Amino acid sequence: MTYHGRRGTVSALSHVDFTLWQGEFVALLGPSGCGKSTLLNMVSGLIAPTSGRLAYRGKAINGPNTNIGYMTQRDSILPWRTTAQNIELPLQIRHLPARERREKVATYIEMVGLKGFENTYPSGLSGGMRKRVGLAQALVYEPETLLLDEPFGALDAILRLRMQAELLALMEKLGATVLFVTHDMDEAITLADRVVVMSARPARIIDEIEVGLPRPRNLEQLQFTAEYQEVRRRVWDNLGREIHSSEKEMANQ
Amino acid sequence: MSDTETLPRSTVANSLASPQPRRKLNPTIKIVLGQIAVVGLWLGSWEWMSGRLIDPFFSSSPSAIGQQLVEWFRTGSIWPHLLITLQEFSVGLLVGSVVGVLVGFTLGRLPTTAAVLNPFVTVVYSMPKLALAPLFVLWFGIGFGSKIVLVALISFFLVFYNTFTGARDVDPLYINSLRIMGANRLTIYRRVVIPSAAVWVMTGLRIAVPQAVIGAVVGELISSNQGVGYIIANAGAFFNTTGVLAGVALVACVSVLLSQLIIVLERWATRWKQG
Ligand SMILES: Nc1ncnc2c1ncn2[C@@H]1O[C@H](COP(=O)(O)OP(=O)(O)OP(=O)(O)O)[C@@H](O)[C@H]1O
Ligand SMILES: [Mg+2]
């Protein structure tokens with residue numbers, strides 16, 4: 001993927017070749033500015049790759065991919081709608097009956113811990129609260145695939161753990177496919193079936209690690225288990241090697 | 001993200017840094033007191049100078065103008081004229097802004113057509129529409145029609161231009177987000193483009209209201225046999241300074257009142273900005 005702008009061109013992605021299997025939870029790890037959000041935008045069909053090919057369920061993606069729920073990195077909830085109205089929006093668009101809409105909205109507001117803020121506009125919410133509205137909005141219509149771009153970055157450690165657990169439980173229940181962008185290695189390992197590590201720009205995939213921890217996972221205890229530490233060491237080792245080799249590459253240039 | 005997070009912190013720091021002032025007047029009261037002082041000083045010195053330094057024939061005086069206004073309303077002689085002016089204003093504003101909103105939204109979402117028309121729009125926008133008033137009289141007669149056309153034209157451009165800007169200003173992030181949720185064009189219009197541009201439409205209306213009042217009055221000044229503008233023109237023809245100034249003051253009051261109404265409407269339409 002290459003961006004052509006007035007100030008020159010940026011090669012965001014090159015040689016990114018991977019498959020997201022149905023029902024799989026994949027975490028995308030990579031340095032800032034390497035093209036993770038770009039990749040998500042392409043999967044969602046909002047931008048087309050300048051070269052290469054993307055397919056969803058075997059069909060080339062052209063135009064917005066309405067099978068997915070996408071929580072973008074930047075807040076995309078509508079500022080003129082309250083928390084409840086924002087979460088209700090995808091259900092309205094899908095013409096669900098009012099009663100069902102109300103029930104679902106209430107369930108998801110509860111899930112993201114925003115009870116009492118149903119009628120608040122985004123301008124009256126904190127950054128982390130707005131993120132949670134966005135998450136609820138992406139989850140509420142239970143799409144078969146979810147793209148989440150750093151959904152928990154703005155949350156405190158305890159809330160983050162709670163949201164991670166809620167997300168995992170829901171995904172396990174729905175059997176949904178998830179592509180999850182994060183900068184946090186522990187978050188990637190605790191949540192995902194597979195961690196995909198990208199290099200700096202122009203990004204390529206430098207490693208794919210099967211996490212292989214059993215499900216359902218108990219997030220509070222997971223981090224203290226031997227298996228977890230084992231996976232973590234493997235990821236670190238691979239990353240360390242990669243950092244070394246890229247440093248050498250840079251030195252050679 | 002990061003700036004929204006640091007903002008409250010710095011506000012806290014500021015309020016901690018500034019010591020709590022004691023026995024200090026509430027700022028709103030201070031502002032109002034200041035404004036009363038300005039008005040008092042202005043009207044007082046005018047009243048004092050009139051008859052002492054300046055011939056009241058040229059300057060009239062606040063008390064004479066006040067008396068004239070009271071007289072108009074006591075006898076009720078001003079009502080028919082005021083109503084005519086208000087009718088010209090409201091019909092003209094309504095027609096102009098409805099058309100302005102429709103055209104603004106349409107062109108705002110048709111970038112190519114908008115680009116073709118852009119220079120022409122700028123030219124017409126920059127034309128002094130009031131200067132066309134005599135032509136409108138020629139085309140639409142000296143009655144109601146010519147004033148409504150003038151007011152509608154003035155309001156149209158102000159509302160159109162703002163709506164147009166607003167419709168182009170919609171953040172594509174919101175539109176994309178709705179497209180992924182499966183929204184069609186109509187839904188995107190209803191849920192995103194219109195609410196997003198509403199802020200701009202309201203701004204256009206707020207600017208248009210006083211201009212529309214001026215349009216109606218100037219239209220009447222140029223040629224008519226009714227309306228507040230006609231009263232002003234009539235007084236002017238007889239060198240009745242008090243009558244002219246009383247008419248102008250009346251127009252200003254009406255304009256301010258109408259603007260306040262629009263501001264209330266605007267606050268309501270953009271209440272989401274206050275959280
Ligand atoms: N619309 C655009 N036009 C031009 N260049 C862009 C555009 N969007 C992104 N880029 C460039 O593409 C590169 C990748 O951006 P992207 O947003 O995908 O990074 P990211 O991996 O999501 O980073 P972060 O972790 O900081 O969110 C960046 O260098 C950025 O400058
Ligand atoms: Mg990003």
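All heavy atoms count here, side chains included; hydrogens, waters and symmetry mates do not. The structure displayed is predicted, hence computed values, not measured ones. Throughout, protein chains are lettered first and strands after them, A, B, ... in sequence-line order, and every chain is numbered starting at 1.
Of the atoms belonging to A:Ser76, heavy atoms from both backbone and side chain fall under 4.5 Å from chain B. For a residue to count as touching a neighbouring chain, one of its non-hydrogen atoms must lie under 4.5 Å from one of that chain's; by this rule B:Asn184 does not touch chain A. Looking at A:Leu125, there are no atoms closer than 4.5 Å to chain B (heavy atoms on both sides), in backbone or side chain. Using a 4.5 Å cut-off between heavy atoms, B:Val192 touches chain A through backbone and side chain atoms alike. Interface residue B:Ser196: backbone and side-chain heavy atoms are both found under 4.5 Å from chain A.
Put simply, the side chain of B:Arg271 reaches to within 4.5 Å of the side chain of A:Tyr121, judged on heavy atoms.
Closest approach of B:Ile180 and A:Ser44 over heavy atoms only: CD1-CB, 3.6 Å. Nearest heavy-atom pair, B:Arg191 versus A:Trp80, reported as atom, atom and distance to 0.1 Å: O-NE1, 3.0 Å. The two residues A:Ile77 and B:Tyr174 have their closest heavy-atom pair at O-CE2, 3.4 Å.
Annotation: the span from B:Asn176 atom CG to A:Leu46 atom CG amounts to 4.5 Å, rounded to 0.5 Å. B:Met181 contributes atom CE, which lies 9.0 Å from atom CZ of A:Arg94 (distance to the nearest 0.5 angstrom). Going from atom CG of A:Leu78 over to atom CG of B:Leu178 covers 6.0 Å, rounded to the nearest 0.5 Å.
Listed options B:Ser177, B:Pro195, B:Ala198 were ranked by heavy-atom pairs under 4.5 angstrom with chain A; first place goes to B:Pro195.
By the neighbour-count criterion of 12 heavy atoms within 6.0 Å, atom CD1 of A:Ile158 is sparsely surrounded, having that number or fewer from other residues, nucleotides or ligands. More than 12 heavy atoms of other shown residues, nucleotides or ligands fall within 6.0 angstrom of atom CD in A:Glu100. No more than 12 heavy atoms of other residues, nucleotides or ligands lie within 6.0 Å of CZ in A:Phe117, so this atom counts as exposed by the packing criterion.
The closest donor-acceptor contact from the side chain of A:Ser123 to the backbone of B:Trp272 lies under 3.5 Å. Side chain of A:Arg74 to backbone of B:Leu173: no donor-acceptor contact under 3.5 angstrom is found.
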